[in-house]
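Notes follow once the structure below has been shown.
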Amino acid sequence: MRPDGCVPWPIAIDGPAASGKSSLGMALAERFGFLFLDTGLMYRAVTLAALEAGVPPEDEAAGAFARALDIRAEAGAETRILVDGKDVTGRLREPEVEHHVSAYSALPSVRAAMVAAQRAIAARGPAILAGRDIGTVVLPDAPVKLFLEASPEARAARRSLQARQWGLAQEAAEARRDIEQRDRLDSSRAASPLRPAEDAVVIDTTDLSLEDVIRYALELLGCN
Ligand code: DC
């Protein structure tokens, strides 16, 4: 941290699936004592609840369903998500959720509800938000915007490793199919498609370790 402790905030971190947004966000949040919010988990929570309630994403009721849900994100060193008071964080990486989350998050009404909740959390104090549209839509005035990229191979290998830590077995080939499918849907949707903000610093992390990415981000922030 700078000697005067004036790290600019909020910090927006965007990028495609498994590009390392959360790992970087959590590391920076820990270092600066900031809140970290992984906004992908909020879209995953809507997806889990809608699937359990039998509300498909094609159904016009999906938007109203999402608005009526009591989703609370507890942003701390890591993000925990409560739906109707119940902590569902441990279920948000399940394959069912993974396969359907892009369809639910393409709905403008779902996005409107999530963006409002995310802005309210960011307004609480120094925060780092990670997602797809943080720099473009949620926090367009953020003084620091990072956009992480990495090849599909590198992201699939990382996701397969992470899946093991989450207790889910997923081969790299299967992870790659999932990732490419979500990349396609998340970048081609009409509402807030995945893309870097014009003033974002794009970092290709394909050949970088997490430590390298953290060091680079700290340099950009003037904290080294
Ligand atoms: O970051 P993640 O892979 O956990 O995100 C899951 C999905 O949620 C992603 O495929 C698209 C959606 N998402 C979004 O549309 N906007 C965000 N800010 C974060 C995630």
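Reckoned from all heavy atoms, side chains included, excluding hydrogens, waters and symmetry mates. Values in this document were obtained by computation on a predicted structure and should not be read as measured data. Order of listing sets the numbers, starting from 1, for every ligand and every atom in it.
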ILVMFWY cluster, [X] and [Y] together (side-chain gap under 4.5 Å):
X: Tyr216; Y: Phe147; result: no
X: Met114; Y: Ile128; result: no
X: Leu48; Y: Leu69; result: yes

Distance-only N or O hit between ligand 1 and Asp38, under 3.5 Å: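 It does not: no N or O of Asp38 is found under 3.5 Å from an N or O of ligand 1.
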
Gln118 touching ligand 1 at heavy-atom level, < 4.0 angstrom: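 Flag not set, Gln118 not near ligand 1.
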
Ligand 1 contacted by Met114 (non-hydrogen, < 4.0 Å):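 So Met114 does not count as touching ligand 1.
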
Can you pull out the closest protein heavy atom to [atom]? Residue, atom name and distance to 0.1 Å, please.
atom: atom 12 (C) of ligand 1; value: Ser105 OG, 3.4 Å
atom: atom 1 (O) of ligand 1; value: Arg132 NH1, 2.9 Å
atom: atom 19 (C) of ligand 1; value: Thr39 OG1, 3.4 Å
atom: atom 16 (N) of ligand 1; value: Arg111 NH2, 3.0 Å
atom: atom 4 (O) of ligand 1; value: Arg44 NE, 2.8 Å

Pair Arg132 + Asp38, salt bridge at N-O below 4.0 Å: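 The answer is no: the pair does not qualify as a salt bridge.
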
Backbone N/O of Ile134 and side chain of Asp14: donor-acceptor pair under 3.5 Å: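 Yes.
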
Enumerated ligand 1 atoms positioned under 4.0 Å from heavy atoms of Arg182: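 Going through ligand 1 atom by atom, the ones under 4.0 Å from Arg182 are 2 (P), 3 (O), 5 (O), 6 (C), 7 (C), 9 (C), 10 (O).
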
For ligand 1, the portion of Arg189 having any non-hydrogen atom under 4.0 Å away: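 Just the side chain.
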
Ser209 side chain to Asp212 side chain, donor-acceptor N/O pair below 3.5 angstrom: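 Distance-only check passes for Ser209 and Asp212.
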
Note, Arg155 side chain near Pro16 side chain (heavy atom, < 4.5 Å):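 Counting from C-beta outward, Arg155 and Pro16 do come under 4.5 Å.
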
